[in-house]
Amino acid sequence: MPRQLRSHRFYNRRSLSQVHALKIPSDYLCSELGSRMEYDFRAIEQRWQTNWKASEAYKVTEDPSKEKFYVLDMFPYPSGAGLHVGHPLGYIASDVYARYKRHQGFNVLHPMGYDSFGLPAEQYAIQTGQHPALTTEANVTRYREQLDQLGFCYDWSRQVRTSDPAYYRWTQWIFAELFESWYDAAADCAKPISALVEMLQSDGLETAQPSCDGDWWKMLPDGVYPWDDAFDGTLTAAHWNACDAVAQSHILMQFRLAYLADSEVNWCPALGTVLANDEVKDGLSERGGHPVVRKRMRQWIMRISAFSQRLIDDLNGLDWTDSIKEAQRNWIGRSEGASVHFGIEGLPQHTIEVFTTRPDTIYGVGFMVLAPEHELVEVLTTAEQKDAITAYQTAAAQKSERERQGAGDHEIRGCFTGGYAVHPLTGEKIPVWIADYVLAGYGTGAIMAVPAGDERDWKFAKAYDLSIPPIFEGVDTDESVYTEKDIALCNSGEFDGKTPVEAIPLAIAYLEDKGVGTGQINYRLRDAVFSRQRYWGEPFPIYYDGEIPQLIRDEQVTLPPVDAYLPTEDGDPPLARAKTEDWNVTRGDRMEYNTMPGWAGSSWYFLRYLDPHNTEEFCARDKSDYWGQVDLYVGGAEHTTGHLLYSRFWTKFLFDRGWIGFNEPFKQMINQGMILGRSNFVYRVQGTDQFVTFEKRKEFQTQRLHVDINIVQSDKLDVEAFKSWRPEYANAEFILNDEGEYTCGHEVEKMSKSKFNVQTPDDLVERYGADTLRCYEMFLGPLTQHKPWDTQGISGVHNFLRKLHRVFSQIEAGSAATDDQHRIVHKTIKKVSDDLDRYAFNTVISALMIGVNELLETKAQNAALLQPLAVLASPVAPHLAEELWELSGGTDSVLDQAWPTADERWLTADEVTYPVSFNGKVRFQLTVPADLDAQSVESQVLVHEQAQAHLDGKTVRKVIVVPGRIVNIVVG
RNA sequence: GCGGGUGUGGUGAAAUUGGUAGACACGCUGGAUUUAGGAUCCAGUGCCGCGAGGCGUGUGGGUUCGAGUCCCUCCACCCGCACCA
């Protein structure tokens with residue numbers, strides 16, 4: 001064959017007609033492509049995909065006669081780059097499992113959609129002026145093509161897109177319902193706000209226990225309420241009834257589950273928007289890695305903190321990995337302790353409230369530390385310290401979160417306020433400091449510092465020469481800190497002689513008794529900021545009368561067109577650019593200009609799939625009652641902590657309000673590992689056009705450069721292709737190895753365009769077919785593990801499918817099946833079923849390979865014998881399975897054929913071969929009838945001539961026969 | 001620092017309850033066939049050794065007739081959280 005044709009075939013095998021055009025001898029074609037006996041994957045895949053589409057093979061409806069099974073993929077954000085081979089891994093696994101469940105007779109719901117609001121489309125819009133909806137549309141089309149060619153069994157009639165107004169209408173509805181709800185902490189349940197209003201009218205806050213900020217009345221704008229400065233939050237019915245409508249709406253705002261508040265937010269100047277805590281990593285934005293600073297802004301906020309305890313407790317019933325559950329617990333961050341009030345010297349009207357997990361150490365308080373932003377800093381600071389404190393505060397405020405956290409190196413910084421607190425038990429004066437190590441966002445933003453028992457307090461005391469009251473028996477805390485809880489306390493009044501473990505409950509009771517503290521449980525989980533200053537997100541169904549937000553419930557608010565996707569000159573969000581006539585709805589003084597965050601639409605999409613076309617409700621109750629929870633959720637483990645937290649929160653809310661009948665969204669979850677790319681490198685001799693082979697690179701000063709993996713085969717560079725790859729390499733010269741080849745270096749890294757190691761599924765489907773790619777991705781290794789992509793291995797899997805096809809092509813009418821062949825088939829049925837049940841997809845492929853190899857060896861030709869194999873192959877290779885089903889005389893589609901069961905009769909062999917070991921070392925094999933009892937096996941083994949040889953001159957101390965497994969003889 | 005996880009051939013890996021470690025593939029070596037091969041078929045392939053045999057699942061120890069698997073010690077790497085009171 002001419003060289004030109006070979007390379008042509010390698011890079012993209014084309015259709016028959018194109019090959020004809022290159023004048024190939026016809027006998028060559030027969031062996032390669034033409035014969036009926038060959039596995040023509042292109043024809044097969046195209047044919048069955050067309051059939052499935054025509055018969056709506058994957059459309060499902062509620063069917064009470066069948067048990068349901070809901071298999072869900074984490075829906076993708078349709079990015080411009082398209083899919084690489086790593087993306088479909090989870091989709092293939094869930095598809096395999098969905099098909100398996102369908103064969104088992106379940107009514108399987110397996111939907112797909114797009115998380116189509118988001119930053120990249122908006123960034124692109126800012127650069128090009130193109131509306132994000134257009135970019136999104138193009139990307140969705142591309143994704144769909146790529147997904148379709150892999151033969152997934154999605155019911156596309158249920159597709160959702162978060163940016164579709166028909167979808168986000170219901171995201172807006174859920175927001176509206178959250179706005180119209182409060183959390184009854186007494187009943188541990190979300191309830192309609194009207195119920196709270198009734199309680200306020202009759203009893204004020206005496207009976208109602210709404211979850212809210214501890215100082216909720218301090219958030220109210222000045223002067224709207226009918227009480228004076230001494231008001232301490234005890235709202236009576238008289239108070240409430242005396243309020244006018246404006247005051248009442250301000251008060252209710254403090255209790256709503258979606259509420260508007262001024263709060264410190266993570267502001268990212270580069271992105272021009274606020275971010276949720278889980279969108280910030282190490283003080284940088286997760287997307288883009290831009291610096292994040294604290295800023296006070298009026299924002300919509302979700303009261304997720306009200307659900308903290310339930311979000312922890314309900315993890316117990318979920319079949320998720322420990323690490324994901326642990327990440328959830330970690331994020332919620334529950335800690336038990338006490339809240340303690342310290343007086344302030346000379347200011348009897350103020351107290352400093354602190355949270356501590358170690359109330360037992362209260363006699364060891366050496367000083368107090370407040371966060372620099374703490375509201376009492378101002379009143380505590382003395383005239384002499386004023387300048388120092390102000391300077392410190394300013395410096396702290398100007399630092400980014402990243403600098404503030406010291407990016408890991410915890411430098412000791414602080415400043416004395418000049419003020420003193422009063423110890424609630426001893427009445428002693430305690431100096432009050434401010435420091436970065438006390439965080440405004442956790443607890444009360446203030447701590448009682450016990451240097452003897454806390455590492456940071458101790459270091460701080462040492463750095464600023466503060467007193468370290470000794471409170472542990474026999475420990476010199478001047479020398480080192482003692483953080484264990486196993487030693488007796490001293491100098492601690494009533495707790496003397498007790499260990500901290502014993503003293504903690506006593507201390508809480510004692511503080512409560514003295515009226516200076518209470519037992520308290522604290523959570524790290526903050527309420528979630530729900531406003532984004534972006535264009536490409538859900539608009540709020542909100543307008544403003546003055547400062548009072550009002551819901552729009554009778555009409556959907558859709559995204560208005562804008563002239564640019566940037567903030568206004570006044571710094572308002574992009575929606576402020578929309579002119580009145582651009583909005584489909586305008587009310588009041590102005591519309592809400594913020595949009596919802598990315599997680600809004602993705603927090604409930606799994607519910608919309610259940611009833612995707614409903615225009616009356618987000619999801620009809622009878623639909624959600626039938627389909628229920630997601631039985632199996634498959635997706636990556638990266639970036640899921642927030643998604644899971646928010647989805648669980650919304651699910652619990654919808655459950656509390658009675659719209660769905662379950663309070664956790666995802667029963668079981670599997671996290672697929674990442675597929676890593678294998679990059680190749682060339683070595684340029686510095687300052688030249690010479691490239692040296694991997695073996696000789698050490699002899700030169702070289703520069704390592706990524707090279708496109710498509711022009712490298714088995715680490716050997718196609719040097720001609722390299723020259724034409726990029727213009728700057730046109731004159732490249734090569735220093736080859738001793739075999740006259742150029743070897744590339746390699747490394748396993750994340751797949752990325754810039755590393756030229758991206759393998760797209762498209763190329764592989766073109767060359768080997770979808771079934772091969774599906775099987776290969778499953779064969780690569782355990783689903784949950786990270787693994788490097790290696791294209792070379794794919795030929796083995798492709799060969800397997802060809803052999804599988806060959807077995808079925810050799811079916812002869814009238815040929816009989818042997819016992820051995822039955823054993824092969826049933827052994828395979830058992831292994832494949834067991835492995836699918838435990839999601840061991842890689843060994844499913846191995847088992848099928850073994851079965852096919854053995855059947856080929858034994859020349860199996862009986863159709864009835866082979867038919868179950870077509871069903872076994874159906875989850876992993878659905879196109880080929882249809883073809884095989886047909887070849888073996890099956891009618892209809894293979895999709896709904898019952899999963900075969902392994903017959904015990906064929907799983908037990910007549911004979912058993914025992915490995916016989918001496919002191920644990922296997923020396924020979926002995927085959928005996930399978931039903932021979934252990935005693936007889938032992939005697940047969942001992943008289944065996946080989947055994948005699950090994951026993952020569954030694955004593956048999958013990959013989960262990962493990963029936964069906966092994967014989968071990970202990971000799972001495 | 002805390003939490004979770006992983007260490008097995010040249011490579012991806014298998015061994016589900018403690019029972020022949022390396023299945024199944026890739027790669028490699030040799031052979032057959034072929035005008036040709038990146039096609040197909042056959043054989044071999046953990047390491048050392050001609051062989052008998054010895055050694056071998058990150059390290060060191062323990063339990064056991066028997067340990068990749070159970071217990072303890074240490075090491076390395078990956079992921080998550082991290083000044084959380």
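Every chain is numbered from 1 and lettered A, B, ... according to where its sequence line falls, protein lines coming before strand lines. Please read these numbers as outputs of a predicted model, since none were measured by experiment.
At the heavy-atom level, A/Lys830 lies nowhere under 4.0 Å from the strands shown. As judged by a 4.0 angstrom heavy-atom cut-off over every strand, A/Phe779 is placed among the base-contacting residues. At the heavy-atom level, A/Arg334 lies nowhere under 4.0 Å from the strands shown. As judged by a 4.0 angstrom heavy-atom cut-off over every strand, A/Asn853 is placed among residues touching the sugar-phosphate backbone only. Within 4.0 Å of A/Ser846, counting heavy atoms only, lies at least one base atom of the nucleic acid.
At the phosphate of B/U20, neither OP1 nor OP2 sits under 4.0 Å from any side-chain N or O atom of A/Gln925. An OP1 or OP2 oxygen of B/A82 is reached within less than 4.0 angstrom by a side-chain nitrogen or oxygen of A/Arg524. Proximity of A/Asn799 to the phosphate of B/U40: a side-chain N or O atom is located under 4.0 Å from OP1 or OP2. For B/C55, one of the phosphate oxygens OP1 or OP2 lies less than 4.0 angstrom from a side-chain nitrogen or oxygen of A/Lys921. The side chain of A/Asn842 places an N or O atom within less than 4.0 Å of a non-bridging phosphate oxygen (OP1 or OP2) of B/A14.
Between the side chains of A/Glu353 and A/Ser339, at least one donor-acceptor pair of N or O atoms lies under 3.5 Å. Checking A/Asp527 against A/Ser305 by side-chain atom types alone, a donor-acceptor pair falls below 3.5 Å.
With a 3.5 Å ceiling on both atom-pair distances, the Watson-Crick or G-U wobble partner of B/G7 is B/C75. Pair assignment for B/A32: B/U40, on the basis of Watson-Crick or G-U wobble contacts that are both within less than 3.5 Å. The partner of B/G27 is B/U45, judged by Watson-Crick or G-U wobble contacts that both fall below 3.5 Å. For B/C2, the paired nucleotide is B/G80, the pair qualifying as Watson-Crick or G-U wobble because both relevant distances are below 3.5 Å.
Spacing between atom CG of A/Asp790 and atom C1' of B/G10 amounts to 12 Å, rounded to whole angstrom units.
With its glycosidic angle within 90° of 0, B/G9 adopts the syn conformation.
Aromatic ring pairs are classed by plane angle as parallel below 30°, tilted from 30° to 60° and perpendicular above 60°; the pair A/Tyr39 and A/His798 is tilted.
When distances run from any side-chain atom of A/Arg456 to the nucleotides B/G80, B/C24, B/C84, the shortest one goes to B/C84. Minimum atom distance to the side chain of A/Asp436 is reached by B/C83, of the listed B/G53, B/G12, B/C83.
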- Using the ring-ring contact (aromatic ring centres under 6.0 Å, His included) rule, take A/Phe800 and A/Phe779 through it: C-alpha gap first, then chi angles, then the decisive distance, then the call. CA-CA 11 Å; A/Phe800 149 65; A/Phe779 185 62; 8.5 Å; no

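Across the interface with RNA chain B, nearest-nucleotide mapping of A/Lys831 and A/Gln792 shows A/Lys831 to be the residue nearer the 5′ end. Toward the 5' end of RNA chain B, the nearer of the two residues A/Asp457 and A/Glu326, judged by each one's closest nucleotide, is A/Glu326.
The pair A/Asp763-A/Arg767 does not count as a salt bridge, with every side-chain nitrogen at least 4.0 angstrom from each carboxylate oxygen.
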- Task: Classify every nucleotide of nucleotides 62-69 of chain B by which part a protein heavy atom approaches to under 4.0 Å, writing B for the base, S for the sugar-phosphate alone and - for neither, in 5'-to-3' order.
- Result: ---BS---

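Ring to ring, A/Trp789 and A/Tyr776 are close: their centroids are under 6.0 angstrom apart.
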